[in-house]
Every structure is written in C-alpha cells, then in structure tokens.
Amino acid sequence: MSVPGQMGLHENDRASASIERRLEQLAALAFAAADVLFEVDRAFRIRHVGGAIQKLTGHNARAVRNMSLFDMLIPSDRIFLKRVVEAFDQGKPVRRTAVRFLRGKSENTVAMLGMTVMPGSVGERLVTATILDRGFTPSSSEDGFLDRSSFLSVAQRLISAGDGQAQYSLVMLALPQTVESSAMQDTALGKAFYAEIEAILRLSSENGAVTRLGNGAFAYFQKADDDPDLVAEKIVEATEVPLTRPCVQKLPLDAMLMENEEIEKALNYALETFADETTRQNVAFENLPDCLAAANNRDRGLTTSCRNIINDETFFQVLQPILTLKNGIIQHYEVLTRFAEGVARGIANTGDFIQIAEQIGMINTFDLLNCVKTIKLLQQLPNEIKLALNVSGRSVQSAEFASQMMNLLDSAEMKISPSRLLIEITETRGITNFDGATTLLQWLVKRGHRICLDDFGAGAMSFEYLRRFPVDFVKIDGHFFRNAMSSGRDRILIRAIARCSFELGCRTVAEMIETEVDAALAKELGVECGQGWLFGQPVTAEQLLASVKRVTRTQDRSASESFPISRTASLSSQRMDAGKGPSSTLKAGASRKKMPARDNS
C-alpha cells in the first residue's frame with residue numbers, strides 16, 4: 001500500500017508523462033518534420049522537451065530542463081536567435097532559420113528552427129528543431145555564413161523558383177573601411193558589433209543564406225521588391241556606431257535562357273568584382289546576362305595572358321625548405337614558380353593561372369618547361385640538395401605528357417641523379433585515367449625518383465591517390481592543418497593520416513607552419529616534416545647558393561677551431577636572406593583556394 005507522499009510523487013510522474021505525450025503529439029501534428037519540440041517560457045527557459053534531444057545536444061530531456069535555449073546554442077547564434085525572437089514578437093513568421101546547437105566542447109549540430117505561440121498561454125512559445133545535414137552550413141564555427149559553393153546553390157534554387165522572372169535579388173553590402181579594420185574586429189566591442197551585423201544579415205536573407213566576401217563585404221538574397229537600404233539602416237541603428245553609409249549593390253536574379261554553369265559564372269564575377277575594393281565603386285550590376293558577358297570578356301584576356309606567360313617562358317623559380325621536425329635537417333626544397341610584377345596581366349592568384357592553363361590545354365607544356373628549368377637548377381646546386389617539382393594531376397594522366405617526360409629525363413643533356421628530383425602531384429582536377437597515371441609514376445619510382453602527394457585532405461580523391469599510387473611523402477593541406485589548431489575533429493583526422501602514412505611507409509609533411517606552436521602541434525599529431533615561414537621563406541637559387549657558400553666557409557673555419565656546426569645553420573642563413581625576392585608566387589599545379597595573409601607557397 002502506498003503512502004500519501006508516494007502517491008503524490010506518482011501523480012507528478014504521470015502528469016509529467018502526460019505533458020511529454022502532449023508535446024510528442026503536438027510535434028507530430030503541428031510540426032511533422034521536426035525532430036525536437038521545446039516548450040519555453042518568456043525567458044526562453046525550457047519547461048518541457050520532446051523528441052530526439054539526445055541526438056541534437058548529446059543530453060537527455062531531464063538534463064536540459066530549466067536551461068535557457070540561448071545557452072544551448074554556439075555564442076554567435078545566440079545574438080541571431082535574439083533577433084529572430086524580436087522579429088517574431090513583431091508578427092513576422094520564423095521560416096528556415098538555421099542555428100547550431102552545442103554538442104560537447106568542440107562539436108555542434110545544425111538545426112532549422114520553427115516557432116509559434118504556446119496554445120492557451122501568454123508569453124510562452126513552442127520551438128521546433130529539425131536536424132540538418134552538416135553540409136547545409138559548411139562554414140566555420142565562428143559564424144553561420146555559407147561558403148561560396150553552398151551560397152551559389154541557394155541562388156540556383158531561388159532562380160529556379162522564379163520560373164523565368166526575377167523574384168529575388170542578390171544584394172552585396174560592404175562596410176566602411178573604419179569598421180572592417182582588423183583592429184576593431186579583435187576587440188570585444190568589435191566582435192559584438194560583427195555579431196549584430198551577422199544576425200541582421202542572416203535574418204534579412206532569404207533562407208538565411210549569407211556569404212562573406214572578405215574586406216568587410218557580404219552577400220545575401222532578398223525578394224526583388226525589397227529595399228536593401230533598409231538593411232543597411234538596420235545595421236547602423238542596431239550597432240549604434242556613427243557610420244558613413246555602407247556600399248550596397250543589388251543584382252536581380254534574372255537568368256532566363258541561361259544554363260546553370262553560365263549563371264554560376266555570372267554570379268561569381270559579380271561577387272569577385274564587388275569583393276575587390278578597387279573595382280567595387282566603378283561597376284554597376286544591371287543583370288546576370290551583362291555579368292556573364294563581362295566575365296567572358298575578362299576570361300579571354302586572362303587566357304591570352306596565360307598563353308603568353310607559357311609561350312614566352314616569363315616565369316622563374318624559387319625554393320622553400322621542407323625539414324624534419326625532430327632534428328631540423330632539410331629533406332628537400334619545393335620548387336615554386338613566380339613571375340615578375342606586370343607579367344601576370346590580371347591573373348590574381350596561383351589557382352587561376354593553373355586552372356586557365358588546364359582549360360586551354362597548355363598545362364602539359366607548362367609542367368614540362370617547369371621540369372626543364374628544375375633539372376637545370378639541380379645541375380647548378382650542390383649534389384646533396386634535392387628539389388620537389390609540382391606536376392598537375394591532368395598532366396600525370398596524359399599519355400602524351402608521360403612520353404615527353406620520359407624522353408626528357410632520359411636525354412643526355414638532362415642527366416641528374418634521379419634521387420635529387422621528387423615529383424609532387426597536385427589535385428586541381430581529379431585524375432580519371434588511373435592506369436595512365438600509375439604507369440608513369442611506377443616508371444619514375446623504378447628510375448629512382450620519389451613521389452609526393454600535395455594538399456592531402458583538400459581534394460575529394462586524396463585517399464584514392466594514396467591507395468593507388470606509389471607514394472613517399474604525403475603533404476597535409478595547409479588550411480586543413482591550420483584548422484586543427486581549433487578543431488578536435490581535424491586533429492583526430494590528421495593523427496590518423498600520419499599513422500596511416502607511417503604504416504604505408506610514407507613520410508608526412510605539414511604545410512603553413514608559421515610559429516613554434518604550429519610546429520609543436522604537428523609533432524604532437526605524429527607529422528614528421530614541416531614547411532612554412534617558421535623554417536624559411538621561398539628564396540631564389542642565387543640566394544640559396546650564397547647561403548650554402550657562407551655556411552661552407554663557416555664550417556671550414558670552425559673545423560680548424562674544432563667547433564662543430566649544425567646542419568641547420570644553413571637554415572638560419574636562409575632566414576636572413578628571406579624576403580628579398582618578388583612577392584607574387586605561382587605554385588605549379590596548386591589547387592584553387594584562398595590563401596592566408598602569409599603565402600607559404
């Protein structure tokens with residue numbers, strides 16, 4: 001027989017279970033697509049929760065009760081949710097609002113929120129969360145913005161929904177220079193300021209889709225009839241900072257009779273032109289067809305520039321050391337290709353040059369010319385120096401390139417020790433002819449050359465290349481390695497790559513090592529070698545030869561005095577010479593990607 005207190009406890013449990021069932025029913029009936037349903041009070045404290053809360057947050061329902069819903073989100077999304085609630089209270093519906101729920105210390109779960117008033121109560125709300133594929137917001141954990149590819153995918157969907165009519169517009173907005181300065185971004189006030197801007201843009205954009213263009217510039221989508229100046233005014237009002245008026249451009253998404261590739265090219269042209277502060281004020285975007293015509297005209301000029309650079313051989317080489325992290329001994333140097341100021345004629349970066357060379361069918365020619373220059377360079381350098389030559393994946397799989405490469409390496413005038421020339425394969429366009437590539441690489445290995453995989457982890461085919469090709473070095477993509485400084489997931493992956501490479505008899509190299517902290521992390525993760533500004537900037541062959549001669553003289557003098565000199569002395573000498581060469585770098589075969597403030601290539 002139960003005592004009265006126990007009966008009351010059972011009644012409470014039954015009441016709680018009844019509420020849970022009611023929430024589940026509401027979730028099933030009113031929010032059929034939702035995974036989780038929260039009942040929150042006026043302060044957004046969670047009173048009850050139903051559904052897949054464990055999957056969303058890693059906690060059970062009992063653990064999250066009485067928590068604030070805001071505290072369950074990553075910090076930047078809390079300000080965004082505040083804006084969403086304010087809009088909801090003003091009568092605006094909440095549609096397709098993506099936020100990230102905290103799940104442990106370094107992970108989060110992306111979910112789409114819905115919101116409605118709690119039936120029969122005042123101030124209380126029902127909030128739904130529908131868990132999304134992580135690909136919906138492939139951005140960093142610092143903001144909720146989309147990367148360029150995902151942003152363009154949203155644009156394609158909005159254009160398709162228009163059925164030939166421009167129902168939406170692309171809006172590009174740039175803040176004044178005083179606001180987008182790095183000094184302000186690094187302050188607590190600056191971070192709060194940017195969080196407000198991000199929240200307003202995400203709330204104002206269709207589907208919450210916003211992308212960052214850099215230099216304090218952003219892009220988002222609005223209905224064609226909406227006024228983008230109102231969003232700029234909201235930013236000024238919300239941040240309470242006296243601003244000069246932000247620069248705003250509006251481009252109707254009118255893509256009648258345009259193919260998807262043409263739409264993407266036109267949008268990319270508009271976004272890249274607006275992102276450039278030097279062209280932003282001088283270009284007005286009328287429509288997508290005009291943007292496409294301008295992009296085609298620009299590309300014709302770039303194609304001519306690229307062809308001239310290759311035909312006239314107006315490029316030269318610099319060298320950057322790759323060394324063993326444990327003892328500082330230089331393994332080899334990577335050959336990086338540069339051209340003098342003015343020769344590029346509008347080609348903005350390494351990726352553009354390689355992409356154009358591939359598109360116009362001249363990448364084989366460029367890679368062979370680069371190989372000839374590298375062999376001649378080796379003939380001038382001391383025998384203990386080894387060089388790694390970048391070769392495009394498109395060239396490696398070409399039977400014509402393979403034949404020319406074999407003839408070149410076997411020619412009498414190009415004779416060098418094969419162990420001094422490493423071949424570094426880069427993935428700009430995925431290799432499809434694996435048989436052809438494997439035949440060439442096996443021939444090179446049999447001859448005595450060593451093979452490197454560049455930018456491992458950046459391309460979709462990295463592991464497939466490691467599985468199929470005879471590989472001696474695996475170079476971990478610099479951006480992938482930099483992300484490991486703050487991402488536990490990336491650290492786990494890099495450690496696994498290092499272990500896997502070791503088991504396969506490969507040495508791993510971490511790119512973009514700029515500080516002692518970076519070097520320590522690489523060693524901690526099991527990476528054997530490093531490359532980056534910490535160890536030396538790219539130098540010309542003349543600078544390297546001069547440093548070698550100085551070290552040789554120092555060693556001779558020290559030997560007579562019985563003082564041993566470390567092999568790493570040459571590295572210190574290179575650091576003193578670094579920075580004297582040109583600053584515009586072309587890395588043969590490099591993948592197209594945004595480079596950091598310091599370009600290790």
Side-chain angles (χ1 to χ4, degrees), residues 104-107 140-142 182 185-186 319-334 336 386 388 422 424 452-458 462-463 466 471-539 547 551 564-579 585 587 590 593-601:
K105 292 183 178 180
S106 60
E107 302 298 325
S140 71
S141 59
E142 297 177 359
S182 58
Q185 293 180 42
D186 291 338
L319 313 171
Q320 187 173 33
I322 294 169
L323 52 80
T324 305
L325 294 171
K326 185 177 181 179
N327 55 25
I329 294 177
I330 295 174
Q331 292 295 313
H332 59 271
Y333 294 81
E334 182 179 7
L336 308 168
K386 303 177 179 66
L422 292 77
E424 193 162 309
C452 310
L453 285 184
D454 194 19
D455 296 331
F456 193 91
S462 295
F463 279 98
L466 184 59
V471 175
D472 299 285
F473 286 89
V474 172
K475 291 185 70 175
I476 298 169
D477 175 66
H479 296 283
F480 183 21
F481 174 72
R482 301 293 295 179
N483 288 340
M485 298 296 292
S486 57
S487 170
R489 179 183 292 268
D490 286 345
R491 286 195 293 274
I492 292 171
L493 290 173
I494 290 175
R495 184 177 282 109
I497 291 170
R499 188 181 302 115
C500 175
S501 298
F502 178 80
E503 294 291 336
L504 292 173
C506 307
R507 307 191 73 176
T508 45
V509 181
E511 297 179 311
M512 290 190 187
I513 295 184
E514 297 188 353
T515 67
E516 296 290 352
V517 174
D518 296 341
L521 175 63
K523 286 190 284 188
E524 177 191 334
L525 297 178
V527 178
E528 293 184 72
C529 303
Q531 178 181 8
W533 280 36
L534 176 65
F535 310 124
Q537 298 179 35
V539 296
S547 68
V551 171
I565 297 294
S566 168
R567 287 276 304 277
T568 57
S570 62
L571 181 59
S572 300
S573 180
Q574 291 165 35
R575 287 175 180 167
M576 290 189 290
D577 289 335
T585 300
K587 179 177 178 182
K593 59 189 180 183
K594 182 180 177 183
M595 299 303 295
R598 281 188 170 181
D599 186 351
N600 285 321
S601 65

Does any non-hydrogen side-chain atom of [Y] lie less than 4.5 Å from one of [X]?
{"X": "Q331", "Y": "V509", "value": "no"}
{"X": "L325", "Y": "F535", "value": "yes"}
{"X": "F456", "Y": "V471", "value": "no"}
{"X": "K523", "Y": "K326", "value": "no"}
{"X": "M485", "Y": "L521", "value": "yes"}

How close do [X] and [Y] get, counting heavy atoms only, and between which atoms?
{"X": "Q531", "Y": "Q320", "result": "NE2-OE1, 3.1 Å"}
{"X": "E511", "Y": "G478", "result": "OE1-N, 3.1 Å"}
{"X": "I513", "Y": "A522", "result": "CD1-CB, 4.1 Å"}

[X] side, atom [atom1]; [Y] side, atom [atom2] - distance, nearest 0.5 Å:
{"X": "I476", "Y": "D455", "atom1": "CD1", "atom2": "CG", "answer": "11.5 Å"}
{"X": "C529", "Y": "I330", "atom1": "SG", "atom2": "CD1", "answer": "11.5 Å"}
{"X": "L319", "Y": "L336", "atom1": "CG", "atom2": "CG", "answer": "7.5 Å"}
{"X": "F481", "Y": "I494", "atom1": "CZ", "atom2": "CD1", "answer": "6.5 Å"}
{"X": "D472", "Y": "L453", "atom1": "CG", "atom2": "CG", "answer": "9.5 Å"}

What residues form a side chain to side chain contact (heavy atoms under 4.5 Å, CB included) with [X], not counting sequence neighbours?
{"X": "R495", "answer": "R499, E524, L525"}
{"X": "L504", "answer": "L466, C500, C506"}
{"X": "N483", "answer": "D490"}

query: What residues, two or more places apart in sequence or in another chain, satisfy side-chain hydrogen bond (donor to acceptor under 3.5 Å, both in side chains) together with E528?
result: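 For E528, the residues satisfying side-chain hydrogen bond (donor to acceptor under 3.5 Å, both in side chains) (neighbours in sequence not counted) are R507.
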- prompt: How would you list, by chain and number, every residue that makes a ring pair (Phe, Tyr, Trp, His ring centres under 6.0 Å) with F473, sequence neighbours excluded?
  reply: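 For F473, the residues satisfying ring pair (Phe, Tyr, Trp, His ring centres under 6.0 Å) (neighbours in sequence not counted) are H332.
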task: Check the pair E334 / L422 against side chain to side chain contact (heavy atoms under 4.5 Å, CB included), numbers first and verdict last.
output: CA-CA 9 Å; E334 182 179 7; L422 292 77; over 6 Å; no
